[in-house]
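On a predicted model such as this, the values are computed, not experimentally measured, just so you know. First listed ligand is number 1; within each ligand, the first listed atom is number 1.
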Amino acid sequence: MGALFVEVFSPRLNGGVSKVREAVSCELPNLPYEYTALEPYISKITLEFHHDKHHAGYVAKFNDAVKGTDYDRQPIEAVIRAIATDASQAGLFNNAAQAWNHTFYWNSMKPGGGGLPTGELAQKIDADFGCFEKFAEAFKTAGATQFGSGWAWLVLDGDTLKVTKTLNAENPLASGQIPLMTMDVWEHAYYLDYQNKRPDYIETFLNHLVNWEFAAQNLANV
Ligand code: MN3
């Protein structure tokens, strides 16, 4: 599942990486782990609602909205890039981006995750942020200060790693950055487990959930 996902959803910008969907519809992927796999940090009920209701809803709405448009045979990343700045396509964009963002988020976590990255990614974090702790501080601040709903990201911007945050459905693909991993900070991602304590969820994400192998693989794919 993980290997297939990386191929299908790789955020590389050059052509031919994403498979062109032969059918019109974008399918809801299964979670890459069991619903209980992230406990006690993210509960089964959070993952059930988040994946089966929220993510499924975005995928269904995207499929409805893309039907019969110029975009219905394009990879979802191409759709996102093409319409990101077109206000008349906001509905299609929001659902396309949220369908993509959530799949990317599921893979940005794993059971037994968290801790420190290794290898090339670790070296690049040290080079671009100064040290891991400075990266972590920037990531926590991005997540905690995203007002309302949105996402915190580790991205490659040109040759440089950056932490960024986006509002609602927006994602870094639209601005030419390459996402390496993401954290959902919409309330539905954490409210059942952490209520209003978003900083606790963010701390837990970095300590116990983040999938550094996924981020490293995305960097290696660039
Ligand atoms: Mn969400």
Inset, instruction - Check the pair Trp186 / His54 against side-chain hydrogen bond (donor to acceptor under 3.5 Å, both in side chains), numbers first and verdict last. - result: CA-CA 11 Å; Trp186 286 56; His54 292 276; over 6 Å; no

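- Using bins of under 30°, 30° to 60° and over 60° for the plane-to-plane angle, the ring pair Trp212/Phe132 lands in the perpendicular bin.
- Judged by distance alone, the side chain of Asn95 and the main-chain N or O of Phe62 form no donor-acceptor pair under 3.5 Å.
- A donor-acceptor contact closer than 3.5 angstrom is absent between the side chains of Tyr58 and Asn101.
- In summary, no N, O or S atom of His54 is located under 2.8 Å from the Mn ion (ligand 1).
- Draw a line from the Mn ion (ligand 1) to NE2 of His50 and another to OD2 of Asp184, and the angle between them is 90° (to 10°).
- Residue contacts to the Mn ion (ligand 1): His188 brings an N, O or S atom closer than 2.8 Å.
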